[in-house]
Every structure is written in C-alpha cells, then in structure tokens.
Amino acid sequence: MCYLNHMMSGKRLVVLSGAGMSAESGLKTFREMGGLWESHDVTEVATPEAWRRNPGLVMRFYNERRKALLEASPNPGHTRLAELERFFDVRIVTQNVDDLHERAGSTHVMHLHGELRKARSSADPSLVYDIDGWELKMGDLCARGSQLRPHIVWFGEPVPNIQDGIREAEKADVFVVIGTSMQVYPAASLIYYVPDHVPVFVIDPNEVNLHEDHRIQVIKMKAGDGIAELARRLGVDLG
Ligand code: OAD
C-alpha cells in the first residue's frame, strides 16, 4: 500500500521503539539469543529489591551499559527517523534508555524507562542529574546527601511517563513499532490506544507476537532498512 505524499505531509507519526532500534549501533537487546537477560538475572540488576540487596552490582551493570553507549553512535535507523521530521510531526516514545535518537537529531523523544546518562536521588526522584562520563559510584550523592541511583525505571516500579505515551498513541495519524518484542507492559499496551482508523507498521527482522489486526503492516527488516521502506510506503523520498 502506498500513501500519497500530500495526504500524509505534516501528519503525526508516533513511534514506539525498543532495543532492536539500537542493535545496529552495537547495543545488545534483552530477550534475543545473546541478549542482556541471558547473561544477567533481571531480578539481580533491574529491580528495587536488587538495589537494596546489592547496589554495587546494580551500579556495575548500568556502568557497563553506559560505557557501551558512550562508544556507540546512532545508526541509519535513528538518522532516518530524524530525517522524517522534514515530512511528518514525528513523536518518539522509546523504551530505550540510550540517547541515540537525540544524538541522531530527533527533537521529540520521550523515554518510558529512564535515561542511562542520568542519575537521580534515591531520596527525592525529582532530583535528576547528568552523569559526566560512564561511571556512577557508590558515595556519589544528591544535593540532599542521598546516594545517587541510575535514572532507570526498574521492574516493579511505576512508569511515570506512561500517560504522556498514551496521549501520543491516541493522537497518532500513523503508528510505528520498531525493534521491540512487545512483552513489557505498560509500554506494549500503547498500541491499544491507537485510534481504529490509523495504520500501524511493525519493523522487526523477527516475528513479533502481536494480536491479529488488519491495520498492521509488518516490515520484516532491521531498523535501518525498515525505516527506509516505511518512508517509501508513506510516499516520501529520504534521498
Ligand atoms: P527485546 O530484547 O525484548 O526485543 C528486541 C526486539 O528487537 C526483538 O523483537 C528483536 O527481533 C528486534 N530486533 C533485533 N535486532 C533488530 C534490528 N536490527 N532492527 C529492528 N529490530 C531488531 O527488547 P525490548 O522490547 O526493547 O526494560 O524490551 C523492553 C524492555 O525490556 C526494555 O526497555 C527493558 C527490558 O527489560 C527495562 O529494563 C525496564
């Protein structure tokens, strides 16, 4: 199916991205073979209980992630999404904690699961700081003297930005799911808030477990090529 350029121009393109979006930048996904949850026990590194039990281990896990992120660069998928802003009002709702969408030039990026390059107070969640470099240490304190923790939404914690994410899904003219297994809620529920008449595209080289829905067009490709194909189907030429 091909949409005419003039019909889609300026429309709101809402993207839900996940770890697969950054795979071509060399960052690991979570649930695939060789993914992060194969080599790390999620309950030991990504829960509030883990932080209480063994904060050093949690800190080390996210320091490693941050180090990898600082060595990574946006891939053609990130860049092409940023380029789509020339044609659409692009809104990115990401489960990713990396900053590769921003570094590629996307201007509307909402993080559902936190941001790796930020720390926050363990006493007052409103105290959020940029982390200089890759390392956050035990003994690094907020302005109120409490230990800083990774600015990550852990399993079992509320997702503060989910209402904003829902509002984006409700306002979509086109909804695009990229590189997520759609297994983690509430993020995966956003697709249910997309209005009935809105086309939904799913870009992923592997099978994604989604409900039957005639609106869904699967683009079975990696993010970089998949977004180029999406652009073609929407009738725009990214050059
Ligand atoms: P997953 O690891 O569950 O899923 C990654 C998806 O990316 C899979 O569907 C892959 O097929 C797909 N994929 C792999 N390479 C790709 C590529 N080059 N281009 C496009 N897609 C590709 O990761 P998420 O769905 O993002 O949360 O996981 C959701 C949440 O679970 C994460 O935000 C994280 C994790 O636990 C927290 O840590 C709170």
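Everything numeric here is computed off the predicted structure, so don't read it as measured data. In each ligand, atom 1 is the first atom listed, and ligand 1 is the first ligand listed. Residue indices begin at 1 and follow the sequence shown.
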List in chain and number order the residues that pass ring-ring contact (aromatic ring centres under 6.0 Å, His included) with H214, two or more places apart in sequence or in another chain; answer none if no residue qualifies.
none
Those protein residues which place at least one heavy atom below 4.0 Å from ligand 1
G18, A19, G20, A23, E24, T29, F30, R31, E32, W37, Q95, H113, V153, F155, G179, T180, S181, V184, D204, P205, N206, K222, A223
Quick one: do E38 and R31 make a salt bridge, cutoff under 4.0 Å?
no
Got a sec, which residues hit ring-ring contact (aromatic ring centres under 6.0 Å, His included) with W134, two or more places apart in sequence or on another chain?
none
Gap separating the CD1 atom of I92 from the CG atom of L16, nearest 0.5 angstrom:
11.0 Å
Report yes or no: is the cationic atom of R66 (NZ for Lys, CZ for Arg) closer than 6.0 Å to the six-membered ring centre of Y62, at no more than 45° off its axis?
no
Would you list the pairs meeting side chain to side chain donor-acceptor pair (under 3.5 Å) in which at least one residue belongs to residues 171-185, sequence neighbours left out?
Q95-T180
